[in-house]
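First, the structure itself, so that you have it in front of you.
Below, each value reflects all heavy atoms present in this structure, side chains not excepted, and no hydrogens, waters or symmetry copies. Labels below follow one simple rule: chain letters A, B, ... track the order of the sequence lines, proteins then strands, and each chain is numbered from 1.
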Amino acid sequence: MKMIEHGNCHREVQLGAGSVHVFANDEVFATFGQRVFEMAEHNLRIPRNVYFSYTPDAHVGVGTCIGTTAVWNMRDGFVSPSIVGSDIGCGMRVHLTPLHRDELKDKQLKRELIQAIETYVPTTERGQTSYTDIPLEEVVKYGLNGLPAAYLAEPADEPGGVSRSLTHVEKHTFAFDHTALAHIPAKSWQRAWGQLGTLGGGNHFIEIQSLEIADDNREIAQEWGLFDGQVVIMIHSGSRAWGAMLGRDYTKSFKEAMFKWGIENPEPSLVYAPIDTEEGQRYLNLMYSALNYAVVNRHLIGYAVERAFQDVLGKAVSTPVLYDLMHNYALEEYHRNTPMLVHRKGATKALPAGHFQNPKAYKKTGHPALIPGSMGTSSYIMVGAAGGAKNFYSICHGAGRIRSRKATKEAVTINEFEQALRIGQEDEILVNHRSLEAILDECPQAYKDVDQIIDSVVGAKLATVVAKCKPLIAIKGV
DNA sequence: ATGTCC
């Protein structure tokens, strides 16, 4: 394998059709299997690629690895539903609480919190929305701005300003050509309506965590309203069946179009089309609808968790949002003075201080980049560094799987899972599931060591740590 | 990821 070393934690691996930039320390790089590079090689056969990279959490996915950043010029580029991935708009959200972890020591209190959260956020039923008053059409068209005003009642940062719910998010509305919505069957509308504000399964979660501020970033932490021992709410969810349906349908229609155009690729699940085609445009427009859905879905989960906190701890508890951002999408961004389509599949944008693309609230510091660990290990709140420019400001999206779901179920016992959650010990992580059997494939042993992943991102000067988030409670769907 | 093959 031909390789150029670009300095700490950054290698450029040269393959037949182009190069993949890999951001990983030596230890993580050694875990990258041959199939990951084969996938890069196949993805790089998509014409006129401008940039292709892996973050340290990269692992094999359908058509394209999770942990990919792939860039084309808007003018002559390609869009790929496979590089966006199936959970369009999947992402992270953190809400702050005024509580210190010492106020959540009581196990009974934590159990009450779990129960209260589960009354508002269905984790076992598939489509049991508690928001029957919310019109889905407004949500997919206008995102957070499509919600009834009562759901955006969170106070503004400045007197007379707009709700933090609209200012402390990556984007409150993704605008697009709504005529594309006419292609969506009634059944899909109905299913997605029934899922608004629900968590979903797999790696999705609600966690209650406590913060450890990083010494080097105390000023930014203070600016963001973070303090040592602070209890925060971290949410990981996506666009549910709405995005899954679009991913499935467009993979099929792109495949037919590729056949028609005579485009071939050795990767059977990798589909793509020029941006400037009817197929490309229709997919992009509907992808925006899924981004709108996903942002609203996480917002409603956050809204519900606040109600649960108030039920258990009193009405005075308020939980303002810190930030909401995604790690699965393709969006137009300006890089090198050129409009480009940046695909991120399991990759998180992390802009540094002063970058023009930051939301107003975070222009000065850079925006928070929210990185989940696995159940039982820490998550991280990071901030982009100037060195991130070389990777189009992409960092990791989590620990990254090291074992498939099937392999995990075969390799790890319930007892080992319990040990990883420190069940029965002082710092035990409380889980909503009575039996861990149903979520065994989500055990910490299924994931890479998140600290090695973070070390790689910091080592490559892509971002720095603002706070480490230690889990107190983990709520998972099935 | 997804009422995971109506």
To the nearest angstrom, the NZ-C1' distance between K252(A) and dT2(B) comes to 17 Å

M245(A) CE to dC6(B) C1', in whole Å, measures 17 Å

| Residues in salt bridge (Lys or Arg N to Asp or Glu O under 4.0 Å) with E428(A), at least two apart? |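 Listed in chain order: K107(A).
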
Notebook entry, point to check: Knowing that exactly one of R240(A), H204(A), H327(A) qualifies, which makes a side chain to side chain donor-acceptor pair (under 3.5 Å) with D87(A)?
Noted result: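 Among the candidates, only H204(A) passes.
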
Whichever of D87(A) and K187(A) has its nearest DNA chain B nucleotide further upstream toward 5' |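 Nearer the 5' end of the strand: D87(A).
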
Tell me what G243(A) touches on the nucleic acid: a base, only sugar-phosphate, or nothing, going by heavy atoms under 4.0 Å.
-> nothing

Separation of H236(A) atom NE2 from dT2(B) atom P, in whole Å?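 Taking atom P of dT2(B) as the reference, NE2 of H236(A) is at 10 Å.
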
ask   = Under 4.0 Å between a side-chain N/O of R248(A) and OP1 or OP2 of dT2(B), yes or no?
value = no

### Message
Any base atoms under 4.0 Å from G238(A), or only sugar-phosphate, or nothing? Heavy atoms, all strands.
### Response
nothing

Checklist line | Spacing between L196(A) atom CG and dT2(B) atom P, to the nearest angstrom | finding: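 My rounded result for the distance is 14 Å.
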
Between Y329(A) and the options K349(A), K345(A), R344(A), H343(A), the side chain to side chain donor-acceptor pair (under 3.5 Å) test singles out R344(A)

Quiz item: Taking NE2 from H204(A) and P from dT2(B), how many angstroms apart are they, rounded to a whole number?
Solution: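 In whole Å, dT2(B) P lies 5 Å from H204(A) NE2.
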
From CD1 of I66(A) across to C1' of dT2(B) the rounded distance in Å is 14 Å

Notebook entry, point to check: E38(A): what forms a salt bridge (Lys or Arg N to Asp or Glu O under 4.0 Å) with it, not counting sequence neighbours?
Noted result: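 Applying salt bridge (Lys or Arg N to Asp or Glu O under 4.0 Å) to E38(A) gives R35(A).
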
Between CG of D249(A) and P of dT4(B) the distance, given in whole Å, is 14 Å

Checklist entry - Base, sugar-phosphate, or nothing: which does G201(A) touch, judged by heavy atoms less than 4.0 Å apart? => result sugar-phosphate

